[in-house]
Amino acid sequence: MRSLRGYRKRRGGILMAQINMVQSLNKSIDLLMANDERVVVMGEDVGKDGGVFRVTDNLLSKYGEERVIDTPLNELGIVGMATGMAMYGMKPIAEVQFQDYIFPAFDQIVNNAAKIRYRTGGRFNVPLIIRTPYGGGVKGGLYHSQSGESYFVHTAGLIVVTPSNPYDARGLLVAAYKKNDPVIFLEPKRLYRASRAEVPDELFEVEIGKASRLREGDDVSIITYGSMVPVVMSTVERNGVNAEVLDLRTLLPMDIEAIIGTAKKTGRVVIVHEAPKTLGVGAEISALLAEKAIDSLLAPVMRVTGYDTPFPYTHEDLYIPNEKRIMGAIHRVLAY
Amino acid sequence: MRSLRGYRKRRGGILMAQINMVQSLNKSIDLLMANDERVVVMGEDVGKDGGVFRVTDNLLSKYGEERVIDTPLNELGIVGMATGMAMYGMKPIAEVQFQDYIFPAFDQIVNNAAKIRYRTGGRFNVPLIIRTPYGGGVKGGLYHSQSGESYFVHTAGLIVVTPSNPYDARGLLVAAYKKNDPVIFLEPKRLYRASRAEVPDELFEVEIGKASRLREGDDVSIITYGSMVPVVMSTVERNGVNAEVLDLRTLLPMDIEAIIGTAKKTGRVVIVHEAPKTLGVGAEISALLAEKAIDSLLAPVMRVTGYDTPFPYTHEDLYIPNEKRIMGAIHRVLAY
Amino acid sequence: MAALGNLSNDQIVTAYRNAVRARTLDLKIINAQRQGIIGFHVPAEGQEMIQIAIGMLAEKDDLIFSYYRDLALYLQRGVPISLIFDQMLANGNDFQKGRQMPDHFSFKEFNFSTVQSPVGSHLPLSVGAAYSFRYNKKKGIVIVTFGDGATSTSDFHAALNLASVFNLSVLFVCENNGWAISVPTNRQTKADIYKKGAAYGIPGKRVDGNDLIASLAGLQEAFDYVRSGKGPYLVEAVTYRIGPHSTSDDPKKYRVDEITDGSENDPIKRLENLMLKMGVVDLNFIQSAKAQAKEEIDRTMEERMSIPAPDPSTIFDDVYEEPSWIQEEERRDIDGSD
Amino acid sequence: MAALGNLSNDQIVTAYRNAVRARTLDLKIINAQRQGIIGFHVPAEGQEMIQIAIGMLAEKDDLIFSYYRDLALYLQRGVPISLIFDQMLANGNDFQKGRQMPDHFSFKEFNFSTVQSPVGSHLPLSVGAAYSFRYNKKKGIVIVTFGDGATSTSDFHAALNLASVFNLSVLFVCENNGWAISVPTNRQTKADIYKKGAAYGIPGKRVDGNDLIASLAGLQEAFDYVRSGKGPYLVEAVTYRIGPHSTSDDPKKYRVDEITDGSENDPIKRLENLMLKMGVVDLNFIQSAKAQAKEEIDRTMEERMSIPAPDPSTIFDDVYEEPSWIQEEERRDIDGSD
Ligand SMILES: Cc1ncc(C[n+]2csc(CCOP(=O)(O)OP(=O)(O)O)c2C)c(N)n1
Ligand SMILES: Cc1ncc(C[n+]2csc(CCOP(=O)(O)OP(=O)(O)O)c2C)c(N)n1
Ligand SMILES: [Mg+2]
Ligand SMILES: [Mg+2]
């Protein structure tokens, strides 16, 4: 009896929905659960409450308590238990309510989930998705705003993805589900309801490991992902920059070909992310360029990032890279 | 009644000891404790056992149970309790038995220790040292070999240091003690007893944030730290490479002047560390160069690192960068 | 007056006034949040009395690690409402320089520690503080408050075990309001919370946290135990969350069966009834106490709203005692001087 | 035979033989470690009998999450000594491709899970496995073993709470050998370990882990309880670590007051005495059991030592189902082809 509000028909009879990222994720999980009994959802407040951001809304009534599991308040337990379930035939989608609260589970992620396939010589594996909202811009202060992707990107054995729009959210979640390895699925909470997009009302994949070239351009390459994507797009568009824009989508493993390709094409690279600069994902991108494309670089590789401070409350708008700071870096590399 | 075995007199009446890193650290803690009642030592097996690597040997009998604290088996508890002690007037030196076991404490480190000064507007601070042995080469497999420095270097609010010899071990520990911020003190366990050096029998400092130029050279700069320092030194010496070698000593904040300085001088940079490559500390060094010294770079910035796999047992010698791999990178940049 | 034990009229009236002030403040802030003046709030509505009781029994030298839902406790311990607004508004007068979300205070001057968001993670800190107190022969015990959900955290386990093994003077007070956001306590744990001390050799006690007299009586025993150096103690104060978890929460999603006005549990109404019955005060007093609270709070918020935000450049301070070159470089970036 | 309950002679003899094999294997490995043939070892010496008892009561469909000190348990469950040596020697036949330290097995075929070093971190996994068993209507319960030190870990707390809240069929067995390396159990916790279940509403029981009959009797009750679907159960098996914590440990540093040969606690000696007293076997049998074990173990080690190490390039496998470009690039680095 699914409501068709906001839906319209399109070619091949596939329904297209104009939906936001929360709706897209919610529907994705719904479709996966309908499709595969092994899929269950677990975490704090994912049941009756439907998740504090409503990503798991209505799933409890549809799939019942055995498949939509409200857990006690312990992230170590959530991830550890989900890892055990994944080792023994299930495909849990575990939610950590905010990425800031994933650290109590860090040992389970880094020492168990990421290493079980390896340490057992491939005899066990952990097809687990850990979903978690990340990033600032919701007046969340130090503990509801962090962008901790680096902690996971540094960890071999994990796959790390982050969508920047409702379409990729569906496609990446489905692709994550197909993986037989643990996936850290980072959801840019600022974009949860920021915009709507047409999303086919079915299961489709966005390939893991492939960046998306959002814009072709010749003068400068901007490499970004997650919540910074709309900021970057509006910045280059409003300022008429002839920029090529890459949305990485997968942070581990990164799309090395796309990165090197665009750098070779424009010779000028600006990396934009919200996480702190020091050992942010931008460091790895820059290092890959310095190793594999040094001769093509016509200017310094600039990183426009969050600052190397905890995430402040009052002045969060200063912390998050904005048009002015991005244009500053673009001007700098263009003038070089 | 301290034994003078292995000691000899030197100028100014200062005793000099030919000691290894474990002895240097042990003596450093002893001197700090003798000097300052606020200093206590805590962790698993640090008391009667003197630590599984003997770094806290004999301290219990000298300073008693209130100051040399054997804790239950819970790293979250060790670090959390030590953080509380540090907030309220003490200067704990907490030991995590292996760096691989620091992850259960990750939330306390990242969300509490590193952020308490900031979140309280400077009203509280955490003068805490967390010592932990790291790195491979002791046949420890996945869980007694990790080099997790990146997880901490990405975390603003922490200071991260690592000595490569008995002298720096003393000087950095004393400097860490003088800091009123949390310091992650990474001890390259492979070097614990690998060599002896003359260490003045007193408290002296090695400045935090300053690299050590171990060797001047013109053709190539090798930037390294911790357990890789002796490997790098013997490699360049045995192969007659005219290399400048930097031992970073502090990983957060890195010595930006020394890094840029040497890159500008030689134009060719090879970074060597044992941690995995992706978002290893080398990524940040490389990114700093790509941003601040691009015009000086005459060759790709190469990283010779541990691999992006968990740490294997049988073939650990393949995992750890060796002379062959380091020379491969040197040849590559020299030939460029 | 006998029914109210050893309490003087003054003490009761002060307790009542502070509970009313806290309640009034809660409602004011919720309103301000709706209007976009304050970003967020976690109301203490319904939990005031156990908090007041802690405030009454705690001595000046006692250090309190409170959690994010302890408004009444701050007021009972003398924190001025102006300082609370400064933090909630995150203005330039905020001790924390506007860095934390509302309700995350650090009232050091009133012997409170610092509030963070990660649930339970202050518990191990409180144990460390108690260690330091004993080590430095400081007077005072350590009191730490937290919710029922927090008992599931790893921090709870670590802290209770450490406090017990080292026989430290920590009074653990769980404000069991029946919910961890949408998860009821009986899905959080199958054990009674006050019995959880058994896993650590720590005695425990359940008190009616909605009743001032019962709270005081139960807490007194716990305070005495801890103060006498016998070691840690765990109190479970059964209370009631009248409102939503926070201003971001919609309890209708999960609390349908249970929507009541909470009046039978409302600790303020219960104290009112008791005071009236005992003749401590009359209806006039109650009305004027409420009016006074409202006036004070309205006036104070008005006043504190005019204080400007902290200077932007301060976001680079206090990462370290002295900023490293990284923070300095980034500070120049904001200034546009880079 | 009455004294040995319902056990057949065969069962007792098998139990004894496996305990002796485990003990002999321990000593052999310690020796091999001294000679540099094997890198490391955590001996089970002294803890054999509780492990044997678990092995006797566990059914084929039961999944066991063992820890690093469970040699006798593997043998009782039928794991061939050759496979144990393959892992300890980390040779090319090792199921795990030589990736883990000795004693970190993954005997999936014998319905064991995988052993890791971080203490306690397998406990939450075991709870997840039990969830999956129920969800998939698989037969069998989940059994998880761990030391006394592990009860302090956050993982223990998380796991027991989850198992209880979801009423899962997990049998938690703590092998309390009195020590966590150098820390005696009474400094690990002030509570009796079997009572720790009280914090989660989980029943607990203490058994004499050095006595086969007592272990079986106590465990039987726990097995029955869990198997009947009543939920998790916590057994504390009091046992004794005869040797050092590991081959890297020197217990003389911390165990001076207590140096005994452990014979009054030695579970093998106790079973021997019992068997002799009951006339199940004679001295000849005991001597020949020991000689047979030694012969089997000497021969097997000799044989397995000749197996070459895993291929170096395999260190890049199994990071993911399919290596990413990163592992492939790094693999070429080792080949020298890059
Ligand atoms: C480690 C952690 N996980 C999740 C959250 C999100 N969260 C905030 S409050 C809360 C519920 C806390 O419940 P309880 O401890 O009972 O305290 P109450 O809010 O009811 O007073 C949750 C899950 C958090 N803040 N920290
Ligand atoms: C999380 C973690 N911290 C520390 C260690 C180091 N360590 C290895 S075994 C051990 C003691 C464990 O004692 P117990 O749980 O009683 O088991 P036992 O070894 O006595 O059988 C310690 C501290 C570890 N492996 N994991
Ligand atoms: Mg609650
Ligand atoms: Mg033990």
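Each chain gets a letter, A, B and so on, in the order its sequence line appears, and its residues count up from 1. Not measured: the values here are computed from a predicted model.
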Quiz item: Top residue by heavy-atom pair count (under 4.5 Å) with chain A, among D/Ser154, D/Ser132, D/Ala158?
Solution: D/Ser132
Quiz prompt | Spacing of A/Phe124 atom CZ and D/Lys108 atom NZ [to the nearest 0.5 Å] | solution = 5.0 Å
Quiz item: Salt bridge between A/Asp36 and A/Arg38, side-chain N to carboxylate O under 4.0 Å?
Solution: yes
Self-check item: Structural part of A/Gln108 lying under 4.5 Å from a heavy atom of chain D
Solution: side chain
Quiz item: Aromatic rings D/Phe105 and D/Phe107: how do their planes relate, parallel, tilted or perpendicular, breaks at 30° and 60°?
Solution: parallel
Quiz item: Which region of D/Ser126, side chain (C-beta onward) or backbone (N, CA, C, O), has a non-hydrogen atom less than 4.5 Å from a non-hydrogen atom of chain A, or is it both or neither?
Solution: neither
Exercise. Measure distances from A/Glu75 to the heavy atoms of chain D and classify the residue's part below 4.5 Å as side chain, backbone, both or neither.
Key: neither
Practice problem: Let me know if A/Met254 has heavy atoms under 4.5 Å from chain D in its side chain, its backbone, both or neither. | Solution: backbone
Self-check item: D/Val115 versus chain A, the contacting section by heavy-atom distance below 4.5 Å
Solution: backbone
Quiz prompt | A/Ile208 portion near chain D, given a 4.5 angstrom heavy-atom threshold | solution = neither
Quiz item: Who among D/Ala130, D/Ser121, D/Pro118 has the most heavy-atom pairs with chain A under 4.5 Å?
Solution: D/Ser121
Practice problem: State yes or no: are the ring centers of D/Tyr74 and D/Phe110 separated by less than 6.0 Å? | Solution: no
Quiz prompt | Portion of A/Asp107 that has a non-hydrogen atom of chain D nearer than 4.5 angstrom | solution = side chain
Quiz prompt | Proximity breakdown for A/Ala82 and chain D, heavy-atom pairs closer than 4.5 Å | solution = neither
Quiz item: chain A heavy atoms under 4.5 Å from D/Val319: which part of the residue, side chain, backbone, both or neither?
Solution: both
Quiz item: Under 4.0 Å between a Lys/Arg side-chain N and an Asp/Glu carboxylate O for D/Asp62 and D/Arg227?
Solution: yes
Quiz item: What part of D/Leu123 lies closer than 4.5 angstrom to a heavy atom of chain A: side chain, backbone, both or neither?
Solution: neither
Practice problem: Please look at D/Ala129 and chain A and tell me whether the side chain, the backbone, both or neither of the residue comes under 4.5 angstrom of a heavy atom of that chain. | Solution: both
Exercise. State, with a plain yes or no, whether a side-chain heavy atom of D/Gln116 is found less than 4.5 Å away from one of A/Ile116.
Key: no
Quiz item: Looking at A/Val40, A/Asn112, A/Leu252, A/Thr71, which makes the most heavy-atom pairs under 4.5 Å with chain D?
Solution: A/Asn112
Quiz prompt | Aromatic ring pairing A/Phe106/A/Phe103, orientation class (parallel under 30°, perpendicular over 60°, tilted between) | solution = perpendicular
Practice problem: Say whether, by atom type as modelled, one donor and one acceptor occur between the side chain of A/Asp181 and the main chain of D/Glu321 under 3.5 angstrom. | Solution: yes
Quiz item: Closest approach of A/Val206 and A/Ala175, non-hydrogen atoms and distance?
Solution: O-CB, 3.3 Å
Practice problem: Please look at D/Asp155 and chain A and tell me whether the side chain, the backbone, both or neither of the residue comes under 4.5 angstrom of a heavy atom of that chain. | Solution: both
Exercise. Return yes if some donor-acceptor pair links the side-chain N/O of D/Gln87 with the main-chain N/O of D/His104 below 3.5 Å, else return no.
Key: yes
